[in-house]
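Structure first, commentary second.
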Amino acid sequence: MIRAVKGTRDLLPPDTSVWNYVEQSARDLFGRYRYQEIRTPIFEQTELFSRGVGEETDIVTKEMYTWEDRDGSSLTLRPENTASVIRAFIEHGLHQQPGLQKLYYMGPMFRRERPQKGRFRQFYQIGAEMIGSESPLVDGEVIEMVVRYLEAVGLRDFKLLINSVGDAESRGRYVAALREQLAGVKEQLSADNQRRAETNPLRVLDSKDPQDEPVITTLPSIHEFLNAETKEHFAAVCAYLDDADVSYEVRPRLVRGLDYYTRTTFEIVHGALGAQNSVLGGGRYDGLAESLGSRVRAPGIGFSIGADRLVMSLQETAAGTIPVPVVDFALISMGDAAMRRNLALARSLRRKGAVVEVLFDGKLKRALDLANRLGARRTVILGDDELSRGAFMVKDMASGEQSELGEADVLNLVG
RNA sequence: GUGGAUGUAGCUCAGCUGGUAGAGCUCCAGAUUGUGGUUCUGGCUGUCGCGGGUUCGAGCCCCGUCAUCCACCCCA
């Protein structure tokens, strides 16, 4: 048997209706902030990600789907979408458009990791980027928007974590200090963290290994290294959120795995997700455009929501708010003449906006059974008796009551 | 890449200390001819993940392998 490859999956009804709901809600809400959709290719030149995401990141070093194309160029399935959006921004000179560029996207991303709860090799992100301003108010609005979005789709009990990872200068000093201090206590660290202490000291900060806890608590906070400007920027973001009544927790140890983040970073976690409890992550990336070769500065901030994880959380915590598909009319015909008449009725009903299921096969009893299981609100039963009177037998499936109506009266039931 | 758990009908699972497979749901047909949601009757579906081994005999034991899930790593 041919099966979906490891880490990929089929999204089937009724789950797909939740996906549609989540995606449509994003379009609606982001639109109110004047975001517009951008669609970039699913694959790009490998260099885009190695330069954008970071040569040394796990994503680039071991998780990308990369292959050599027939002409010898190296191509990669996108592991994330921010780099592509910035690439498109540069390529099409979007900085010349009036105002800030506010772009949202949704679609599949690919990372070759070991699958587990909430983690897939093909997964879906809904994200947004606001490019062209360094104002902390922009950070605040982006974060507020995504919080409002989660509220709008009915997610509850999520927690917003924010931090500032500093600009290049202050972060450089911080990393150097961490590296130095960790070198002194290396023996006390777990094996994983001994390695990270050298390769990526920031990662030591959010280690889950209890063995490392004593050392971690002695480490300085990034906030001690932030320069005045960065500190002020972060304070302004927090002030925005306070004004907006968005609750958050400052987590000085929150670091992110993509190299391009500067200053504000944030994450939203939810308890229903198991170990992979992050529903979305995001942050500011003031230097990304330049590192991709842009001659114009294009500071920006964005986030991406793990749609798989959002859907999962909604299904575990807010099942009642997820709309279920309805069938307004199920049409049952006895005989060919009745079927033709019903098909015409179906056309009229659908023109008026009703959801109509024509039952093509089976006896009356079986058809009613099926209509019932499909959740039909009403069934129309049509046989020779009704035909001869030019009427339809309309049955209310909840009450069981039925009455014979002319076509106009049937159509009037819509809405 | 590392570790743990699990793999029995379409789905959820049972199967005692080894004696060649079961339940519920689903699906199909029926309970006098045009009436569902309850009930009843009957029926279909399995190389017990795959390959080896031990044994008179293995779904149950051993080895290998694959897959899935969970966790680590990392992230969405």
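Chain A is the first sequence line, chain B the second, and so forth, proteins listed ahead of strands; every chain is numbered from 1.
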How is [X] classified with respect to the nucleic acid when contacts are heavy atoms under 4.0 Å: base, sugar-phosphate, or nothing?
X	answer
F120(A)	base
A398(A)	base
K6(A)	sugar-phosphate
G118(A)	base
Q402(A)	base
L280(A)	sugar-phosphate
E401(A)	nothing
R119(A)	base

Is there a side-chain contact between [X] and the phosphate of [N], meaning an N or O under 4.0 Å from OP1 or OP2?
X	N	result
K363(A)	A29(B)	no
R309(A)	C75(B)	no
R373(A)	U26(B)	no

In whole Å, what is the span from the [atom1] atom of [X] to the [atom2] atom of [N]?
X	N	atom1	atom2	value
F266(A)	C75(B)	CZ	C1'	15 Å
M109(A)	A76(B)	CE	C1'	10 Å
M64(A)	A76(B)	CE	P	15 Å
K365(A)	G30(B)	NZ	C1'	9 Å

Open item on the list: Under 3.5 Å, is there a donor on one side chain and an acceptor on the other for Q315(A) and D15(A)?
Closed with: yes

Going by an N to O cut-off under 4.0 Å, is there a salt bridge joining [X] and [Y]?
X	Y	result
D308(A)	R9(A)	yes
E47(A)	R87(A)	no
R173(A)	E169(A)	yes
E386(A)	R341(A)	no

- [ ] Establish whether the base of G36(B) is bridged to the side chain of D369(A) by a donor-acceptor pair shorter than 3.5 Å.
- [x] no

Task: Polar pair under 3.5 Å, donor/acceptor by atom type, side chain R111(A), base C75(B) - done: no

Task: Residue closer to the 5' end of RNA chain B, Q125(A) versus K62(A) (nearest nucleotide) - done: K62(A)

Open item on the list: Let's test this: given Watson-Crick or G-U wobble pairing with both distances under 3.5 Å, identify the partner of C44(B).
Closed with: none

TODO: Any strand is fair game: report the nucleotide pairing with C73(B) by Watson-Crick or G-U wobble, both distances under 3.5 Å, or none.
DONE: none

TODO: Side chain of Q116(A) only, please: which of U26(B), C73(B), A67(B) is the nearest?
DONE: C73(B)

Open item on the list: Could you walk me through whether Q122(A) and Y124(A) satisfy the side chain to side chain donor-acceptor pair (under 3.5 Å) test, starting with their C-alpha distance in whole Å, then the side-chain angles of each, then the deciding distance to 0.1 Å, before giving a yes or no?
Closed with: CA-CA 7 Å; Q122(A) 174 172 334; Y124(A) 295 81; 2.7 Å; yes

